[in-house]
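Working notes, beginning with the structure itself.
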There are 2 protein chains.
Amino acid sequence: MASRAKATILDIAREAGVSKSTVSLVLQGSGLIRPETAVKVRKAIEDVGYVYNRGAANLRKAHSNVIGMVINDLTNPFFAELAVGMERVFQSAGIVPFIANTAENPVRQEEVLKSLMEQGVAGLIVSPARGTAPGAFRRLETAGVPVVFAMRRLPESRIPVIAPDNHRGAYLATAHLIGKGHRRLAFFGGSSDLVVYHERLGGFREACEVLGITARDTLVFEGETSRKGGIACLDTALAMAEPPTAALCFNDAVAFGVLLALRKRGLEPGTDFAVVGFDDVVEAEHYMPALTSVAVDSAGLGERAAHVMLKMIQSRTTRAEDHIGAVNLVVRESCGPDRRAGLGDAA
Amino acid sequence: MASRAKATILDIAREAGVSKSTVSLVLQGSGLIRPETAVKVRKAIEDVGYVYNRGAANLRKAHSNVIGMVINDLTNPFFAELAVGMERVFQSAGIVPFIANTAENPVRQEEVLKSLMEQGVAGLIVSPARGTAPGAFRRLETAGVPVVFAMRRLPESRIPVIAPDNHRGAYLATAHLIGKGHRRLAFFGGSSDLVVYHERLGGFREACEVLGITARDTLVFEGETSRKGGIACLDTALAMAEPPTAALCFNDAVAFGVLLALRKRGLEPGTDFAVVGFDDVVEAEHYMPALTSVAVDSAGLGERAAHVMLKMIQSRTTRAEDHIGAVNLVVRESCGPDRRAGLGDAA
DNA sequence: CCTATCAGATGGAACGTTCCAATAAGTCAA
DNA sequence: TTGACTTATTGGAACGTTCCATCTGATAGG
């Protein structure tokens, strides 16, 4: 049905015997029109199979109610969670956010940002791809589009950030390992082009220092932030003359790799080698053994980011405060029992 | 920098000392303008910090190069993979697709579709939410927007579908279990409001019938399509007087649940109870024991769907052929060795 | 010198909305 | 009856593009 050409408000106006202005008012739910007229118009809208043309409207209105979420890796459940948290908030605000994936590729990210801008987004929540150039968001800034970073930040930028307390999380995890009696510790995975990496590594280092682990007993192995990276890290670590007995992993994926590699060598995770992850993705709980990990509540951070964005749009500002989310260590089985001679504490 | 109001092609025209038409032509890369003029214009574009207004352009052009992907559950890596496959194709076609998540909620889906239509999408790839009403896509159809379904289909619709060969996959998996010597089989998880469920269950039933398993030895347990659902299915199955010895699971998540529940009961997956999954998500390979599963190549299906969509848009049609993707059984450890007395075949 | 041809550039009318200012039709007080 | 005010409705100009039709000079052929 419906003639080939799309119906416009003029078609509705003709059908309902009113002016286009009246139709426009009805569409916006204005209280100025007589109820009976509104009913008549709404009927006509149904009859002609009208679909609202937001592009045309934005041409006049200049603010667009479209919000973009730019995610660096959608296949990582951790970031998918983040996206879902944001969506929840936007949904209850009656707006539909568009998600775009950059697959950790700065060039792709550039394209995505350009496209989103052309679409006239009202705001952008971004988890920047690794290796993002320092000036990548300048365009957005000069255009006055509100942007907030989620999970990750860029080295020098003034864009507000919503992220977990990486430093503290790493500190807690490291303290836990030391508390278990480990004296030679490793940090596995990640690479220094990520700010997050420095934050987590910083927490690790600080804990070691404060709790009496010497510098030569704190080992750092960079590597891919994936299972594969974890496997590689463990292999090179165990090849050392004096290998570590425990590792804090950059994220859970790395930790899973380590667990796997341990099993493959016939070592028992937890008793032979302790490992703790970071992010606490859902699988952590279900792994064998269950992974001890730093929970960051990514969905919660997503919600927070969405709220900040909404507020920024509303107050038409491009600045906002950073928000550092609380973290907590979820102790499961991958660090085994205490390592000291005794039989652990009585609790 | 950049004055408060956004720059338009008129600003560029003024800056470059040409007409707006010329600027427009340059933007479209027309060969009609003299190279030096083009250079001059491009410089002006940079200078004024111009961002293209696609909304305004679409107003005239009426076809929008925006493609939407509507996904029922982004946190499921299986669907995330699908999305990534599609993205890959669209990227090389130079277009940026927008992803929207429906979280398996038909109401949300309705909102998402509406929003996407208002945005003037050129086409839509949809993995419909469970419980989608039969007429949910009529609007799209009458508007002449090309739509293709991915992974899932709706009962009566004429919309083209890109999906794996669920029936055959289930058949293969079931035959494998029977080949291992199992004589009392279960189908775990899923519910009948999904067409996929019927397809997979159908393959299971056919294999049982053809390969000589009596109807009373083929058990079906509906349940959530999650780890939790798998755990529940196993519990009720093992509570039976004469429990099954093997199960085909609706998907990998269910299978993981079953594996977990077996371990919790002190049973060894594979030897005590065989389980095969469906979808072959990345985790399947890394589980303990590694999960035997039906691989469906979701990224490949995503690519296929994207290609079909591109073709539909290009030939401005709303119809296309269905595409049923090949599947294959990836045998790992979760079904253990053969069950018959002998020591298996000599291969 | 005139006319055809051609490359390059341009004005103006759309496209489908919103919103301001204006209008029409009541209602009510003076 | 008049004017002030209210309520409901409306025309028209804008928003930033595209694209058709037109215009301007050059160049070339006769």
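Everything numeric here is computed off the predicted structure, so don't read it as measured data. To find a chain, count down the sequence lines: A is the first, B the second, and so on, and within it residues start at 1.
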B:Gln28 side chain near D:dC19 phosphate (N/O to OP1/OP2, under 4.0 Å) = yes
Between B:Gly55 and B:His63, just flag the one whose closest nucleotide in DNA chain D comes earlier from the 5' side.
-> B:Gly55
Identify every side-chain donor-acceptor pair in residues 17-30 of chain A under 3.5 Å, counting partners at least two apart or on other chains, and give the distances.
{"from": "A:Ser19", "atom 1": "OG", "to": "A:Ser21", "atom 2": "N", "distance (Å)": "3.3"}
{"from": "A:Ser19", "atom 1": "OG", "to": "A:Thr22", "atom 2": "N", "distance (Å)": "3.3"}
{"from": "A:Ser19", "atom 1": "OG", "to": "A:Thr22", "atom 2": "OG1", "distance (Å)": "3.2"}
{"from": "A:Ser24", "atom 1": "OG", "to": "A:Gln28", "atom 2": "NE2", "distance (Å)": "2.9"}
{"from": "A:Gln28", "atom 1": "NE2", "to": "A:Ser24", "atom 2": "O", "distance (Å)": "3.0"}
{"from": "A:Ser30", "atom 1": "OG", "to": "A:Leu32", "atom 2": "N", "distance (Å)": "3.0"}

Not counting sequence neighbours, which residues clear side chain to side chain contact (heavy atoms under 4.5 Å, CB included) with B:Ala56? List them please.
-> A:Leu59, B:Asn53
Not counting sequence neighbours, list each pair that qualifies as a side-chain hydrogen bond (donor to acceptor under 3.5 Å, both in side chains) and has a residue in residues 100-113 of chain A.
-> A:Asn72-A:Glu104, A:Asn101-B:Glu87, A:Glu104-A:Arg152, A:Arg108-A:Glu111, A:Gln109-A:Thr132
Residue set satisfying side chain to side chain contact (heavy atoms under 4.5 Å, CB included) with B:Arg60, at least two apart, ordered chain then number -> none
Write down the distance between CG (B:Leu27) and P (D:dT17), rounded to a whole number of angstrom.
-> 8 Å
Relative orientation of the end axes in the helix from C:dC1-D:dG30 to C:dA30-D:dT1, expressed as an angle to the nearest 10° (five pairs per end) | 60°
Could you walk me through whether B:Ile67 and B:Ile313 pass the side chain to side chain contact (heavy atoms under 4.5 Å, CB included) test, one step at a time?
-> CA-CA 10 Å; B:Ile67 294 186; B:Ile313 291 177; 3.6 Å; yes
Euclidean distance, atom CG of residue B:Asn53 to atom P of C:dG16 [Å, nearest integer] = 16 Å
Which residues pass the side chain to side chain contact (heavy atoms under 4.5 Å, CB included) test with B:Ala133, sequence neighbours left out?
-> none
Partners passing ring pair (Phe, Tyr, Trp, His ring centres under 6.0 Å) against A:Phe149 (at least two apart in sequence or in another chain) = A:Phe137
Sorted by chain and number, sequence neighbours left out, side chain to side chain contact (heavy atoms under 4.5 Å, CB included) with A:Asn76 holds for A:Asp73, A:Phe78, A:Phe79
Taken in chain and number order and not counting sequence neighbours, the residues that satisfy salt bridge (Lys or Arg N to Asp or Glu O under 4.0 Å) with A:Lys61 are none
Whether each nucleotide of nucleotides 9-15 of chain C has a protein heavy atom under 4.0 Å at its base (B), only at its sugar-phosphate (S) or at neither (-) is summarised, 5' to 3', as SBBBBBB
Protein N or O to nucleotides 21-28 of chain C N or O, pairs below 3.5 Å:
none

Residues in ring pair (Phe, Tyr, Trp, His ring centres under 6.0 Å) contact with A:Tyr197, at least two apart in sequence or another chain | A:Phe187
